[in-house]
2 protein chains.
Amino acid sequence: MAGATRKVGKTGAANAITADLVAVLVAVTDGEPKIMTIANDGALPSGPFEFAHRSLQTGLRAWVEAQTGHPLGYVEQLYTFADRGRGGDAKSLHSISISYLGLTREDKVGKGFQAHWSGWYEYFPWEDQRAGLSASLAKTLASRLRAWAKSADTTALQRERWQRAAITFGLDERDWNEELVLQRYELLYEAGLIPEAARDRSTAAAVIPGRPMTGDHRRILATGIARLRAKIKYRPVVFELMPAEFTLLQLQRSVEALAGRLVHKQNFRRLIEQQQLVEETGAIAAETVGRPAKLFRFRHGVLAERAVAGTKLPLSRT
Amino acid sequence: MAGATRKVGKTGAANAITADLVAVLVAVTDGEPKIMTIANDGALPSGPFEFAHRSLQTGLRAWVEAQTGHPLGYVEQLYTFADRGRGGDAKSLHSISISYLGLTREDKVGKGFQAHWSGWYEYFPWEDQRAGLSASLAKTLASRLRAWAKSADTTALQRERWQRAAITFGLDERDWNEELVLQRYELLYEAGLIPEAARDRSTAAAVIPGRPMTGDHRRILATGIARLRAKIKYRPVVFELMPAEFTLLQLQRSVEALAGRLVHKQNFRRLIEQQQLVEETGAIAAETVGRPAKLFRFRHGVLAERAVAGTKLPLSRT
DNA sequence: TTCGATTATGCTCAGGATAAGTATAAGCCA
DNA sequence: TGGCTTATACTTATCCTGAGCATAATCGAA
């Protein structure tokens with residue numbers, strides 16, 4: 001982007017590049033969030049960008065449909081990456097990756113495809129705080145982060161590093177913030193605690209648990225998880241991941257799975273009901289232990305009825 | 001993106017495309033939101049994507065700095081567009097636009113550049129609800145939207161159209177939602193009520209007030225405004241647009257300018273103060289009518305101290 | 001048949017946040 | 001000095017939220 005205010009459309013043909021689409025496809029089964037993976041579960045589904053479709057979104061939809069045999073529910077663009085450092089060689093500079101988040105219900109992948117569903121916490125063990133972290137992981141994380149902080153040159157920098165680690169990982173009595181998925185990943189990368197960092201910088205360091213992925217893919221996945229965790233709080237997107245009928249506990253378990261945290265049962269119900277997001281089907285859940293639960297369905301009407309609100313300003317009425 | 005799960009990086013060299021960067025650069029002066037424009041104020045600053053920088057962001061920063069002579073504060077990626085329909089000819093299909101939102105303080109643009117700052121409500125008159133819409137604009141809008149709804153074939157479709165219009169534009173006693181900037185623009189486009197629609201589809205229709213832009217640019221601007229309006233509610237980004245010292249009323253006027261709505265003065269102050277976002281400088285504003293106000297500055301500390309929170313789930317403490 | 005385990009669902013209650021307004025303070029200017 | 005304007009403090013009713021208690025319905029084992 002040279003220092004000229006050129007008119008739009010006059011793009012220099014010299015700057016030809018290639019574009020890839022990368023997809024974070026999410027489903028939830030039995031209270032576990034899954035993502036679609038390929039290449040022996042070491043990569044996100046991706047492929048070259050083609051111009052056969054009206055838009056990037058429709059192209060992605062068609063492609064996923066061809067892969068899984070059923071339509072994609074909710075789709076949203078995540079981010080476009082073109083960074084050098086991460087990709088590796090200089091050649092990668094001439095390629096950009098446009099990433100998408102897609103929500104669907106898990107389904108059998110068509111025969112002849114190598115795609116699978118993998119639990120997303122395989123790649124981010126520290127993001128699952130539902131039962132608290134395992135004692136060993138918690139200890140490893142804390143000590144490695146502290147070591148990284150201490151390895152800084154000045155005490156000011158040391159304190160700064162530790163503060164960052166403490167904020168993002170909820171250490172030192174701070175609260176855990178489930179939305180900081182990307183910040184945590186970036187920090188671990190910077191601290192050299194994950195295999196991708198060692199690979200890109202050829203520094204061998206002690207890494208922490210969590211499966212790596214090709215190229216930037218784990219970073220893209222982190223972006224997707226973060227986006228989804230933020231989104232479920234103000235848009236009714238969870239329902240894209242649920243079957244047509246479900247109990248409130250199943251709904252709660254799905255939210256907990258995505259957020260990586262447990263929620264208060266009664267308050268969760270009150271929230272859902274007061275927003276009138278669901279309605280009873282009249283049926284009752286079978287095959288349960290304990291008192292059987294009512295089945296609910298999503299009220300599709302809400303999408304049409306109201307512009308499912310964002311957050312608030314202290315508006316004045318005049 | 002053909003139906004194959006190829007391994008990442010194996011991009012077909014046949015699919016070479018060009019990429020543009022487009023920037024929505026925002027400043028607020030005297031309680032009016034401005035955007036940087038070029039080409040006689042008919043386009044957003046943009047240019048071909050080059051690979052001279054480490055990332056897209058640093059490229060954008062360097063470019064803006066060269067243009068305006070001072071550094072860019074906050075930068076965030078907006079969206080990557082590659083749609084056919086909008087661009088016009090088939091050739092545009094082979095180009096994608098990566099758009100960014102940038103916040104800065106207005107400043108003189110360096111000599112020899114054609115860039116200017118334009119008020120963003122020139123392009124979206126209906127988005128400024130601070131004093132309510134002018135009677136004429138309100139009437140024009142409502143009647144044109146109603147006509148569009150009525151022109152649908154079936155009564156079901158007519159009702160659906162009107163409901164959409166009513167929700168997005170706050171008609172029929174509904175509340176205005178300032179975040180639906182893009183939805184409103186898209187609806188007006190679909191209804192053929194803006195020049196861009198007439199241009200793309202060569203249908204001559206009665207258009208409503210509001211200055212058009214080249215290509216997709218007004219849509220990109222709508223995306224930027226929507227993003228910013230959502231963001232000011234949960235991240236302290238307004239401060240990127242303020243001078244080093246300001247009164248609380250100036251801060252309020254800036255928020256109102258961006259949101260396009262008036263806020264309750266006392267409650268706004270309480271909100272700001274309880275979040276401890278600002279601190280008194282000790283100085284007092286000069287040159288005012290009425291009682292002089294205290295000057296405040298942004299507490300940069302908050303960015304480091306806490307992970308400025310997102311919204312909430314009904315968490316359980318166990 | 002009853003008890004215990006398990007899950008569902010209803011209800012309460014205190015504390016905090018919010019919306020809206022009233023009251024008072026501190027300048028300027030005629 | 002009185003009136004105009006803006007700043008800032010305080011009040012009040014209402015709603016929302018976190019947290020916990022109580023009861024209901026089902027199953028299976030004693």
query = Which part of the nucleic acid, if any, lies within reach of B:L249 when heavy atoms closer than 4.0 Å are counted: base, sugar-phosphate only, or nothing?
reply = sugar-phosphate
ask   = Taking for each residue the nucleotide of DNA chain C bearing the nearest heavy atom, is the 5' side occupied by A:R269 or by A:G290?
value = A:G290
key: Euclidean distance, atom CD1 of residue A:I284 to atom P of C:dT7 [Å, nearest integer]   = 17 Å
Nearest-Å distance for atom pair CD/C1', residues B:Q252 and D:dT6 = 12 Å
ask   = For the base of C:dA26, is there a side-chain donor-acceptor partner from B:R291 under 3.5 Å away?
value = no
query = When you check the gap from the basic side-chain N to the acidic O, do A:R130 and A:D128 get nearer than 4.0 Å?
reply = yes
remark   = Between NZ of A:K294 and P of C:dT7 the distance, given in whole Å, is 19 Å
query = Quick one: is A:K265 getting a side-chain N or O under 4.0 Å of the C:dA8 phosphate, OP1 or OP2?
reply = yes
ask   = Side chain of B:A293: nearest nucleotide among C:dG10, D:dT8, D:dT17?
value = D:dT8
ask   = Does B:R270 get its side chain close enough to the base of C:dA19, under 3.5 Å, for a donor-acceptor pair?
value = yes
note = In terms of heavy-atom contacts, A:F268 and B:P314 come closest through CA-CG, 3.8 Å
ask   = Between B:K312 (NZ) and D:dG18 (C1'), how many Å, whole number?
value = 11 Å
query = Can you check the B:L251 CG to D:dT8 P distance for me, whole Å?
reply = 13 Å
inquiry  = Given D:dG18, D:dA25, C:dA25, identify the nucleotide with an atom nearest to the side chain of B:P314.
reply    = D:dG18
message = Whole angstroms only, please: what is the CG-P distance between A:L295 and C:dT7?
response = 17 Å
message = I'd like to know if B:E178 and B:R229 make a salt bridge, using a cut-off of under 4.0 Å between side-chain N and carboxylate O.
response = no
task = In whole angstrom, give the distance that lies between atom NE2 of B:H264 and atom P of C:dA17.
result = 18 Å
task = Describe, in one word, how the ring planes of B:F239 and B:F246 are oriented to each other, choosing from parallel (under 30°), tilted (30 to 60°) and perpendicular (over 60°).
result = tilted
key: B:K233/B:E179 salt bridge by N-O under 4.0 Å criterion   = yes
remark   = The residue, A:V289 or A:N267, whose nearest nucleotide of DNA chain C is more 5′ is A:V289
inquiry  = Between D:dT17 and A:Q266, counting only base atoms on the nucleotide and side-chain atoms on the residue, is there a donor-acceptor pair under 3.5 Å?
reply    = no
remark   = Between CZ of B:R253 and P of D:dT5 the distance, given in whole Å, is 14 Å
